[in-house]
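In this text, all values refer to a predicted model and were calculated from it rather than measured experimentally. Counting from 1, the numbers follow the sequence of the chain as shown.
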Amino acid sequence: MSIELELSIPPHFFDSAREENNYESVSEKIAKVFLKEVCGVDDIHRGDDKKSEPDYVSNNSGYEVTFAIKQSLIPQLKGVQPLNHSNRNTEMETISDIQTALERKKEKTYCLPTTLVIITVETIIPWYCNFYFDMDDYIMQMMWSKRIQTRDKFFNKIYTDYICSGIFHNIIIINPTIKQEFAVFNIKGFHQQSNQGITRVATTKPLAYPTYTITNVIEDDNMFQMKTTIISHSIT
């Protein structure tokens, strides 16, 4: 089975925080919405980096926001460069990008316990396959079991390396799904009970976020292959 997807990127999503947007980037605003609506974080406000505060603060907790994406891919996602359609192992690339983001952010010093919020742009179906596939079906179990183990091994590793070590209070990973939704992974909760650490989040404004839409499903001999055929960069 091959799936063709369209990825829609909201305007200015990759722009840095500047004075004209009150030093709050679009990606940070999106993360703030997730913190409020999914994680139940109340009274959240912008942190003061001069006081070694993370991007956002709520009571005595901090939240730092970052991307997990290669810089070389951003011009393609902006529509500035043509999309490279060569075959890629997006799962392993995303794992590498998340690891890079973790290493980059661990170098910062925070004045209060901080949760790192990581926004990914690649969609990794095995990570949220239980949302859309019947995992009680034997064939589905055979198809996804090994791929799920890759996710579990990685999540357990970053739990040990970055949470148990005291570097971060928690880690939240936001991954867009293939149906204009999001899989939100709470790594501390995932370690305690994997099915409790994953939240499926829908949005009534999909164009305000980086979201995927299935444009075509091809019944072929591929085990499971995805192809992003169109990137829609909205300018309105």
Side-chain angles (χ1 to χ4, degrees), residues 9 13-18 23-32 34-35 38-39 41 46-58 61-78 84 88-124 126-128 147-176 182-192 194 197-199 210:
I9 300 290
F13 184 71
F14 294 102
D15 291 358
S16 300
R18 298 189 180 93
Y23 296 103
E24 187 176 36
S25 68
V26 172
S27 59
E28 289 170 339
K29 291 178 180 178
I30 289 173
K32 183 168 66 173
F34 275 97
L35 289 171
V38 177
C39 304
V41 179
R46 202 77 170 90
D48 186 347
D49 58 353
K50 294 179 181 178
K51 298 179 181 178
S52 296
E53 292 179 343
D55 293 325
Y56 294 102
V57 175
S58 174
S61 299
Y63 301 87
E64 183 77 5
V65 179
T66 191
F67 278 119
I69 186 170
K70 287 182 176 59
Q71 289 297 314
S72 59
L73 189 59
I74 292 178
Q76 298 179 46
L77 298 177
K78 282 184 171 183
N84 183 351
R88 300 161 48 225
N89 187 328
T90 54
E91 181 177 24
M92 297 313 297
E93 287 186 14
T94 299
I95 287 174
S96 176
D97 293 341
I98 291 173
Q99 188 71 59
T100 298
L102 286 161
E103 286 295 295
R104 182 176 66 250
K105 289 297 183 179
K106 82 171 188 178
E107 299 302 322
K108 294 187 68 174
T109 300
Y110 305 104
C111 66
L112 70 171
T114 295
T115 293
L116 182 62
V117 181
I118 301 175
I119 301 173
T120 65
V121 178
E122 302 280 8
T123 184
I124 312 299
W127 290 13
Y128 55 82
R147 301 288 295 277
I148 291 173
Q149 289 174 15
T150 300
R151 177 201 67 186
D152 293 354
K153 182 179 179 180
F154 176 58
F155 284 2
N156 286 328
K157 181 179 186 301
I158 63 178
Y159 173 81
T160 299
D161 292 351
Y162 298 96
I163 297 176
C164 291
S165 63
I167 296 173
F168 297 110
H169 174 70
N170 198 1
I171 297 165
I172 293 173
I173 298 173
I174 300 172
N175 186 236
F182 297 90
V184 180
F185 300 94
N186 178 320
I187 299 302
K188 185 180 287 187
F190 186 90
H191 179 79
Q192 295 167 350
S194 61
I198 308 173
T199 303

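Using modelled atom types, one side-chain atom of Arg151 and one backbone atom of Trp127 make a donor-acceptor pair closer than 3.5 Å. The main-chain N or O of Phe182 is never found under 3.5 Å from a side-chain atom of Asn175 such that the two would form a donor-acceptor pair. A donor-acceptor pair under 3.5 Å is absent between the side-chain atoms of Asn156 and the main chain of His191, judged by distance alone. Side chain of Thr114 to main chain of Tyr110: no donor-acceptor pair is present (N/O by atom type, distance under 3.5 Å, no hydrogens or angles). Checked by atom type and distance alone, the side chain of Thr123 pairs as donor or acceptor with a backbone atom of Pro176 at under 3.5 Å. Between the side chain of Ser165 and the backbone N or O of Asp161, at least one donor-acceptor pair lies under 3.5 Å. Put simply, the side chain of Asn170 gets close to the backbone of Lys188: a donor and an acceptor are under 3.5 Å apart. Between the Asn186 side chain and the Gly189 main chain, a donor and an acceptor come within less than 3.5 Å of each other. At least one donor-acceptor pair under 3.5 Å links the side chain of Thr120 to the backbone N or O of Ile174. With hydrogens and angles ignored, the 3.5 Å screen pairs no side-chain donor or acceptor of Glu122 with any backbone N or O of Thr94.
In this structure the side chain of Ile119 never reaches within 4.5 angstrom of the side chain of Ile173, judged on heavy atoms. Inter-residue side-chain proximity for Phe154 and Ile98 is flagged as met; some heavy-atom pair is nearer than 4.5 Å. Residues Ile163 and His169 form no side-chain contact, since every pair of their non-hydrogen atoms from C-beta on lies 4.5 Å or further apart. Annotation: side chain of Pro54 is in contact with side chain of Leu112 (closest heavy-atom distance under 4.5 Å). Taking the side chain as every heavy atom from C-beta outward, Ile187 and Ile172 never approach each other to under 4.5 Å.
For the atom pair OG1 of Thr115 and OH of Tyr63, the computed distance is 5.5 Å after rounding to the nearest 0.5 Å. Taken from CD1 in Ile158 to SG in Cys164, the straight-line distance is 11.5 Å, to the nearest 0.5 Å. How far CZ of Phe155 is from CD1 of Ile148: 11.5 Å, rounded to the nearest 0.5 Å. Once rounded to the nearest 0.5 Å, the distance linking CD1 of Ile118 with CD of Gln99 reads 9.0 Å. Once rounded to the nearest 0.5 Å, the distance linking NZ of Lys157 with OG1 of Thr160 reads 8.5 Å.
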**Q.** side-chain contact (heavy atoms from CB on, under 4.5 Å) between Arg46 and Asp55, worked out
**A.** CA-CA 6 Å; Arg46 202 77 170 90; Asp55 293 325; 3.5 Å; yes

Q: Quick one: do Ile95 and Thr150 satisfy side-chain contact (heavy atoms from CB on, under 4.5 Å)? Show the steps, please.
A: CA-CA 10 Å; Ile95 287 174; Thr150 300; 3.9 Å; yes

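For Leu116 against Thr66, the heavy-atom pair with the smallest separation is CD1-CG2, 4.0 Å.
Considering only residues two or more places apart in sequence or on other chains, Glu103 meets the side chain to side chain donor-acceptor pair (under 3.5 Å) condition with Lys106, Tyr162. For Phe168, there are no ring pair (Phe, Tyr, Trp, His ring centres under 6.0 Å) partners at least two apart in sequence or on another chain. Not counting sequence neighbours, Glu53 has no partner by the side chain to side chain donor-acceptor pair (under 3.5 Å) test.
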